[in-house]
Amino acid sequence: MTKYIQAKILPGVTHWQSPNYFAYYPSNSSVAGFVGEMLSAGLNIVGFSWIASPAATELEMIVLDWLAKMLKLPEDFLSAGRGGGVIQGTASEAVLVVLLAARDKVLRRVGKDALEKLVVYASDQTHSSLQKACQMAGIHPENCRLLKATSSTNYALSPEFLSETISQDLTIGLIPFFLCATVGTTSSTAVDPLLSLGKIAKSNGMWFHVDAAYAGSACVCPEFRHYMDGVEVADSFNMNAHKWFLTNFDCSALWVKDRSALVQALSTNPEYLKNKITETMDGITTVWLGKPAMLYKKSYQVGQTF
């Protein structure tokens, strides 16, 4: 087996972990990541619901709360309240998930027939995954506004330009509903002015998502935390642990302030996933992206067999 891997596989792959590799982003593996991969493969947990593997769900919540505190995210993003974090595969998945949640939220208010009027905003430096997400969510291509960012703003999205564009769209009867800002764009590591953009989004009833896939990791350092100033007005925030946190690909952390929006947009409740715990209103769990959030009951202990 080893000789076949050396002869057939290794010559045909890009060696991301090599010290001589300088493309895309740094080597993302580590001893801790390697041990985690071994544990994950050995236990082979199927975590599609809380009752399938309680510790899997609860460990995810604990770690994401811990990481949120490292980033000094507002308490609204912690699982103790209405919000919380959940691991996605990539930032591309994260933006799709929150876009779907935002879409369904606004359509419940204005009616499903208004889909063709919904408009998404971002700078032209935003990752192309936003355009893919719009296509998958049924947003008309002409309603995906990628606004020109120039050297005059260090390639960040101009709040004035955004506000002007939104006003024009409102005038012709369109519905602005989603704004994506970036902390560390792929092409130039530009950082959008979160606070100013967030205020515009809130004044227009829009979902405000912050994509910090590339540079969010750096913001655990006090000297870089100011790049996230204004995140308190965001509805969702995402960063990639598999870039600078020495975590094996793929591990992208997503936090939202209101998890119910995601639950309503993405959850299903087939008979084979139902159980007494999650169906009981005073039980220990409520469904959260198919992974229930902890609500402890006095008689329950973690690890108890049902």
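Every value quoted in this text rests on a predicted model; they were computed, and no experiment measured them.
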Nearest-0.5 Å distance that lies between atom CG in N154 and atom OG in S151: 8.0 Å
Examine distances only and state if a side-chain atom of H140 and a backbone atom of E142 form a donor-acceptor pair shorter than 3.5 Å. no
Donor-acceptor pair, side chain of N238 and main chain of S252, under 3.5 angstrom: no
Taking all heavy atoms of W207 and all of A101, pick out the closest pair and write down the distance. CH2-CB, 4.1 Å
Tell me the closest heavy-atom pair linking L254 and V97, and the distance in Å. CD2-CG1, 4.1 Å
K257 bridged to D235 by N-O distance under 4.0 Å: no
State whether the side chain of R225 and the backbone N or O of V220 hold a donor-acceptor pair below 3.5 Å, judged by distance alone. no
Write down the atom of D250, the atom of G89, and the distance for their closest heavy-atom approach. CB-O, 3.0 Å
Close side-chain approach of F245 to L67, heavy-atom, < 4.5 Å: yes
Under a 3.5 Å threshold, yes or no: a donor from one side chain and an acceptor from the other, between T185 and S188? yes
Verify whether one side chain among Q17 and S29 offers a donor that lies under 3.5 Å from an acceptor in the other. no
Rounded distance [0.5 Å steps], CZ in F178 versus OH in Y121: 13.0 Å
Taking the side chain from S217 and the backbone from N240, do they hold a donor-acceptor pair closer than 3.5 Å? yes
Look at the aromatic rings of W244 and Y214 and report parallel, tilted or perpendicular, splitting at 30° and 60°. perpendicular
Identify the heavy atoms of S30 and L246 that sit nearest to each other, and give their distance. OG-O, 2.8 Å
Side-chain donor or acceptor of W255 paired with backbone N/O of L64 under 3.5 Å: yes
Partner set under side chain to side chain donor-acceptor pair (under 3.5 Å) for T126, not counting sequence neighbours: none
Within the distance-only criterion (no hydrogens, no angle test), does the side chain of R259 pair as donor or acceptor with the backbone N or O of G83 below 3.5 angstrom? yes
Does D113 pair with K117 as a salt bridge, N-O distance under 4.0 Å? no
Provide the closest heavy-atom pair for H209 versus S236 in the form atom of the first, atom of the second, distance. ND1-OG, 2.7 Å
